[in-house]
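Everything on this sheet refers to the single structure shown next.
Side chains are part of it too, since the values below use all heavy atoms of this structure and drop only hydrogens, waters and symmetry mates. The chain is numbered in sequence order, starting from 1. Nothing here was measured: the structure is a model prediction, and the numbers come from that model.
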Amino acid sequence: QVQLVESGGGEVQPGGSLRLSCVVSGSIFSIGAGNWYRQAPGKQRELVARISSLGSTTYTDSVKGRFTISRDSAKNTVYLQMNSLKPEDTAVYYCNVVLRVRPASDSQNYWGQGTQVTVSS
């Protein structure tokens, strides 16, 4: 069974850093585009960062310059490096990744289980 396993969340003080990982569990053919979303209480889910299948990246304005999305295709992993964290970054973070499970199959969209990030003093 193919699934995405997230890790790296936790509690950190303002100005601190966390590195979130989204690892494919199970056998796949290839990994493509990846996204990180977050959802805070009382707020709609927000796209934080994305990386295209060819490696270009985009970020929402509130995290630009502080967060970096990356992908290691050899390890079937998508990362989100978060620096200079602020209390308003507190949310559950979800990865969303395009995977090709078999060579002859279509690519499909998979979601991680979510990981809590709390930024407080």
Side-chain angles (χ1 to χ4, degrees):
Q1 179 67 35
V2 174
Q3 60 181 6
L4 305 183
V5 180
E6 297 185 31
S7 63
E11 188 170 0
V12 66
Q13 294 184 6
S17 297
L18 288 172
R19 182 178 176 88
L20 306 184
S21 297
C22 178
V23 182
V24 178
S25 176
S27 181
I28 64 166
F29 178 71
S30 64
I31 186 171
N35 309 282
W36 285 96
Y37 291 84
R38 67 186 181 189
Q39 188 164 23
K43 191 174 181 294
Q44 287 186 307
R45 186 182 64 180
E46 174 188 30
L47 178 62
V48 176
R50 67 183 306 158
I51 183 167
S52 76
S53 61
L54 297 180
S56 63
T57 59
T58 56
Y59 303 90
T60 191
D61 286 344
S62 64
V63 309
K64 195 169 297 181
R66 300 187 297 120
F67 290 12
T68 303
I69 187 171
S70 61
R71 178 181 60 228
D72 188 335
S73 296
K75 296 180 179 180
N76 290 335
T77 303
V78 177
Y79 303 96
L80 185 67
Q81 178 68 46
M82 305 184 293
N83 299 325
S84 302
L85 283 162
K86 305 175 180 180
E88 50 263 46
D89 296 319
T90 296
V92 178
Y93 284 71
Y94 299 90
C95 63
N96 170 258
V97 182
V98 174
L99 301 176
R100 190 181 299 276
V101 177
R102 293 177 287 104
S105 68
D106 291 335
S107 297
Q108 296 185 39
N109 194 271
Y110 288 78
W111 288 87
Q113 82 281 5
T115 185
Q116 176 71 48
V117 172
T118 302
V119 185
S120 66
S121 58

[X]: side chain to side chain donor-acceptor pair (under 3.5 Å) partners, not counting sequence neighbours:
{"X": "Arg71", "answer": "none"}
{"X": "Thr60", "answer": "none"}
{"X": "Thr68", "answer": "none"}
{"X": "Gln3", "answer": "none"}

Got a sec, which pairs hit salt bridge (Lys or Arg N to Asp or Glu O under 4.0 Å) with one end in [range], sequence neighbours left out?
{"range": "residues 94-109", "answer": "none"}
{"range": "residues 111-121", "answer": "none"}
{"range": "residues 1-28", "answer": "none"}

- Item | ring pair (Phe, Tyr, Trp, His ring centres under 6.0 Å): pairs with one or both residues in residues 1-26, sequence neighbours excluded |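 Pairs touching residues 1-26 that pass the test: none.
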
- Sequence neighbours left out, what pairs pass ring pair (Phe, Tyr, Trp, His ring centres under 6.0 Å) with at least one residue falling in residues 85-115?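 Every pair satisfying ring pair (Phe, Tyr, Trp, His ring centres under 6.0 Å) with a residue in residues 85-115: Tyr37-Trp111.
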
- Is Val78 reachable from Val5 through a run of I, L, V, M, F, W or Y residues, each pair having side-chain heavy atoms under 4.5 Å apart?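 Result: no, two separate clusters.
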
- Under a single-linkage definition using a 4.5 Å side-chain heavy-atom cutoff for Ile, Leu, Val, Met, Phe, Trp and Tyr, are Val12 and Val63 assigned to the same hydrophobic cluster?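 Yes, it is one cluster - the side chains of Val12 and Val63 are joined through contacts under 4.5 Å.
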
- Message: Would the distance check show the side chain of Ser105 and the main-chain N or O of Pro103 forming a donor-acceptor pair, the cut-off being under 3.5 Å?
- Response: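 Not at all, since once roles are kept as given, no pair shorter than 3.5 Å links the two residues.
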
- Message: Counting C-beta onward and ignoring hydrogens, is there a side-chain heavy-atom pair between Val117 and Leu20 closer than 4.5 Å?
- Response: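 The answer is yes; the side chains approach within 4.5 Å.
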
- Is the closest side-chain heavy-atom distance between Leu99 and Leu4 below 4.5 Å?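 With C-beta onward as the side chain, the pair touches.
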
- Message: Quick check for you: to the nearest 0.5 Å, what is the distance between Leu47 atom CG and Tyr59 atom OH?
- Response: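 Between atom CG of Leu47 and atom OH of Tyr59 there are 11.5 Å.
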
- Between OG1 on residue Thr58 and CD1 on residue Ile51, distance to nearest 0.5 Å: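 Reported to 0.5 Å precision, the distance equals 9.5 Å.
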
Run the side-chain donor-acceptor check on residues 22-36: report pairs under 3.5 Å with partners two or more places apart or on a different chain.
| unit_1 | atom_1 | unit_2 | atom_2 | d |
| --- | --- | --- | --- | --- |
| Asn35 | OD1 | Arg50 | NE | 3.4 |
| Asn35 | ND2 | Asn96 | O | 3.4 |
| Asn35 | ND2 | Asn96 | OD1 | 2.9 |
| Trp36 | NE1 | Tyr79 | O | 3.3 |

Report all side-chain donor-acceptor pairs from residues 82-91 shorter than 3.5 Å, counting only partners two or more places apart or in another chain.
| unit_1 | atom_1 | unit_2 | atom_2 | d |
| --- | --- | --- | --- | --- |
| Asn83 | OD1 | Ser17 | OG | 2.9 |
| Asn83 | OD1 | Gln81 | NE2 | 3.0 |
| Asp89 | OD1 | Arg38 | NH1 | 3.0 |
| Asp89 | OD1 | Arg66 | NH2 | 3.0 |
| Asp89 | OD2 | Arg66 | NH1 | 2.8 |
| Asp89 | OD2 | Arg66 | NH2 | 3.4 |
| Asp89 | OD2 | Lys86 | N | 2.8 |
| Thr90 | OG1 | Pro87 | O | 2.9 |
| Thr90 | OG1 | Val119 | N | 2.9 |
| Thr90 | OG1 | Val119 | O | 3.4 |

